[in-house]
Every structure is written in structure tokens, then in C-alpha cells.
Number of protein chains: 2
Amino acid sequence: MIAPEIPTKTVERLSRYRRIVRERSDGGAISLFSYELAKLAGGSAAQVRRDLMAIGCSGSPIYGYKIDTLVEAIGLAIDGATEQRMVLVGLGHLGAALVDFVERYCPKLVIFAAFDIDPSKIGRVHHGVRVYSVESIGQIVAEQQIRIAILAVPGEAAQAVADGLVAAGVHGILNFAPSVIRTPINVYVEQTEITATLEKVAYFARHYGAQQKQRKER
Amino acid sequence: MIAPEIPTKTVERLSRYRRIVRERSDGGAISLFSYELAKLAGGSAAQVRRDLMAIGCSGSPIYGYKIDTLVEAIGLAIDGATEQRMVLVGLGHLGAALVDFVERYCPKLVIFAAFDIDPSKIGRVHHGVRVYSVESIGQIVAEQQIRIAILAVPGEAAQAVADGLVAAGVHGILNFAPSVIRTPINVYVEQTEITATLEKVAYFARHYGAQQKQRKER
DNA sequence: TTCACGCTGTGAAAAAGTTAACAAAGTCCA
DNA sequence: TGGACTTTGTTAACTTTTTCACAGCGTGAA
């Protein structure tokens, strides 16, 4: 299989589907229909089928989609062959929350190391993750050939840290800092705008008469 | 002015623009051009102009957009007339981080109260926010006529909490829990999928040869 | 065997979002 | 004064994403 080139939005939804069907599987289910998954994930049945089609996953008109086949296919499509190691920069409240998230919900992702400037945190181990000084970012990332980094630092520090990460060989950055970072074009950056998300919810909550987003499930 | 009905994506970007131009304004700038804002925000100049057009904000070919006009126009478009009060459910690491975020970057949003099940937190004040027992959610939300809620609870608890919030009159929910919640159609729900975002970055970092998303800013 | 049923897979249409491109307008400089 | 320059406001083209709609296919009932 070459590069399937899955659309951005589909990748996101596949991840959600996987989480949902895993839960379903714990409940004893063997298979489900597209409309069931759509209801659980908040989308339309056609979209579910199309997303699954994109990764070459097919179901039967009788049983729907087999859950274990589905989990496997999603894994094949979006996970790497091996587990992927990441580093986390900034172990404040947000960083700590992220460590828990990854540990709990992302079995194929591992936070290999965390970095902070607070001397009282450096050298300690938080949830199985060792904390280093930010000064050693370059060295550790390069040595360990880490390709993915999570930024949970204050906005002012984000660009400098990002520069160091890129220089050390990182290809993907998930940035939670409220400031847009600039990188070479071959680095994938996902900018998580918590502020913007909050303000968006406030806006649409005020305009709640006119729904967008809300799927017509039910 | 009636309901301007601004597109979802535009609302998000406007929020980002505002944050950026505010910073710029601290730096002494009076006005900027669309291409400058585009570069700072990671988009195209045409998009910036289109977004600003959507809120009836106009600039001059000579100065570009005046920063204070811009901030005011964005505020008029996406903020309410008065500051909006929210409640936060779940004061773990993530919740604590969110309190800081709102305080620091969202001057028009106030977290009025937080709720948790941990007795050691209840009754205390965290960053100016008083923590109550989750049992009092309904009462406080209804009494104070809170319309927006942030969910930072474990996935298992999300649906039950959401039901209570909706019953108490909430119109908008920002859900950080990794489980999709169901609500009546007149409630706006924003599902923040941290897990999915992480996996997406991992996926695209691996496929970094083929860029999407990355704007061609230099 | 034959029919009706319900769901999948998928092309085609529609909608949403983004980029390109250009007329209009103000300023500067000669 | 007039022409070159720069950037806005906006329309049109284009791309991406979502929805519609229906043929095809096992199954189970008759």
C-alpha cells in the first residue's frame, strides 16, 4: 500500500470512530451499522461510510461493520507501523493534563520526555514521564530521533521553542500556546486555539436559535 | 444591526485576529495591512479581508486597518453586549489550565463558578473562582442564569453532567471530555477532541512530505 | 424459487470554504 | 496636474467537504 492520502477531516473522525467502537466493543458488541456509528459520533451515516471507504474498510449489508476489523483498519491507516514517541514542552497544568490524555487514550503514542524551565520539576518523573530542562531539548530530540512535539508553554516562549524543535528534526508540532508559530513548510503545525474555541462557543451559545454544527441525529 | 450570521470558521479566525492585533497594539502599532495580519495569523491576505468584510470592518488602501477600530469591530461582532459568565465543571489539571486561559486571554468571558466532586477542592477558591460540589450545578446555573458551560470531566461523567446543565438552562457547551455528548438541538456543543488532534498530528508528521494546511507564507 | 427488505458502496449534486484577480480609490512624486 | 503605485472591497473561479440518492447484494419469508 502506498500513500492513501486521507483527507484531514477524515483522519480526525477516524480517530473518534476508533475510540467509540472500542468502547462499544467493551460492551460486548461485535459489529455495528453505519447509522449507529454516525449517531454515536455525531455525523451522518453517509459520512461514516465514506470515511471508512477512504481507508478501504468494507462492511456487510447484514452485520454492518465488524468492530475488530474496523479498529484494525483505522490503526493501519492512521497509526504508524510502530508506536510513535513525542516530547512535551511545558509541564504546567495543561501539560500535565496532556500526559494523562495520551497515556489513557492514545496507545500508539508515547510521551518520551517532558521539558520545563521550573527547576523544581526538572529531574522528577511525572506519570512515568521524565522531566528535563528546556536546554536539553535539542540534544534529546535529535538523539532519540523524536519527530513529534507538543507545545504547552506560554505564548511568548512558543516561537523560540518551536525553532529549537525544528532544528533538532521535529516534523510535527501541536501547539497549545496562544500564539501562531512559524516553521519551515515541511513541518506540520496544528494550532489549537483554546481562546478562539471558547469565544466561538460563547458566540454560538448567544445565537443558539440558529443552529449550525448540530447534526440531525434523532 | 440584526443577526449578521457569521460563518463558523470566520468567528474562530476573528478571535485569533483580535488576539494578534492586541499584541501588535501593545507594540505601539496603530494600523496594519491585510497581508501583515495574514502573515501573523497564518492565512492569506484575501481571507483576512473577506473575514473583516463579513463584520463590516473596512480599511484604507493607505493605512490598512486601524487597530482600535478593528478590535472594536471584532468585539461588536463576536462578544455579547455584556461580559458573559460561564461555569466550569471538573477542576483537574485541564480545568485549572482553562481557568488561567480565560482569565488571561478572554476579557469578555468570566468563569463564574467551578464544580468538582473532590471534597478537598469544594469550598476553596482557585484563581478567583469558587469551587462548588457538582450537586449544586443545577441550582447555581439556573439561579445565575448561566448560559455557557465548559466540561473538563472524565468521559464517563460527561453525559450526565451535560444533561444537568441543559436542564438548568445552558445553551452552549464546550466539551473536553473524550466522549460525544447528546443534547437537544437548540444547544450548541463544541466537541474538543484532544485525542483526535494528537493522532492527526502524528499522522501528518509521518506524511510530512505532502503538506496540507501549511500556508505558503514564505 | 421468488420477492421484499435493509444496508452498503459510490457517483453525482450541493454546500461550504478558499484563492485568484481586478476595478476603484487615495497618495506621492514629479 | 497627472501618472505610477499600493492596497482595499468584491466578484468569480476553484477546491474541499458533505449530502443525496440509488444500484447491488445477501437474507429470510413465503
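Chain A is the first sequence line, chain B the second, and so forth, proteins listed ahead of strands; every chain is numbered from 1.
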Rounded to the nearest Å, what distance is computed from the [atom1] atom of residue [X] to the [atom2] atom of nucleotide [N]?
X       : N      : atom1 : atom2 : value
B:Tyr63 : C:dA25 : OH    : C1'   : 13 Å
B:Tyr35 : D:dT8  : OH    : P     : 8 Å
B:Leu14 : C:dG17 : CG    : C1'   : 15 Å
A:Leu70 : C:dT8  : CG    : P     : 11 Å
B:Gln47 : D:dT15 : CD    : P     : 17 Å
B:Lys9  : D:dT15 : NZ    : C1'   : 12 Å
A:Asp51 : D:dT16 : CG    : P     : 16 Å
B:Leu52 : D:dT7  : CG    : P     : 16 Å

| message | Quick check for you: to the nearest 0.5 Å, what is the distance between B:Thr10 atom OG1 and B:Arg50 atom CZ? | response | 9.0 Å
Do [X] and [Y] have a side chain donor and acceptor closer than 3.5 Å?
X        : Y        : value
A:Gln144 : A:Arg85  : yes
B:His127 : B:Asp100 : yes
B:Asp163 : B:Gln159 : yes

If you only use heavy atoms from C-beta on, which nucleotide in [options] is closest to the side chain of [X]?
X       : options               : value
A:Phe33 : C:dT8, C:dT19, D:dT18 : C:dT8
B:Ser44 : D:dT7, C:dT19, C:dG9  : C:dT19
B:Ser58 : C:dC7, C:dG17, D:dG9  : D:dG9

| Member of B:Asp116, B:Ile111, B:Val102, B:Val153 meeting the side chain to side chain contact (heavy atoms under 4.5 Å, CB included) criterion with B:Leu88 | B:Ile111
Verify the contact: side-chain N or O of [X] to OP1 or OP2 of [N], cut-off strictly under 4.0 Å; return yes or no.
X       : N     : result
B:Tyr65 : D:dG9 : yes
B:Arg49 : D:dT8 : yes
A:Ser34 : C:dT8 : yes

| said: Applying a 4.0 Å non-hydrogen cut-off, can you work out what A:Thr10 is touching in the nucleic acid: base, sugar-phosphate, or nothing? | reply: nothing
| So does B:Arg50 reach the base of D:dT11 with its side chain, donor to acceptor, closer than 3.5 Å? | yes
| field | Closest-nucleotide 5' rank along DNA chain C - winner of A:Pro61 and A:Met53 | value | A:Pro61
| message | Let me spell it out: for each of B:Arg13 and A:Gly64, pick the nucleotide of DNA chain C with the closest heavy atom. Which residue's pick is nearer the 5' end? | response | A:Gly64
| said: By nearest heavy atom, map B:Leu32 and A:Ile62 onto DNA chain D; which one lands nearer the 5' end? | reply: B:Leu32
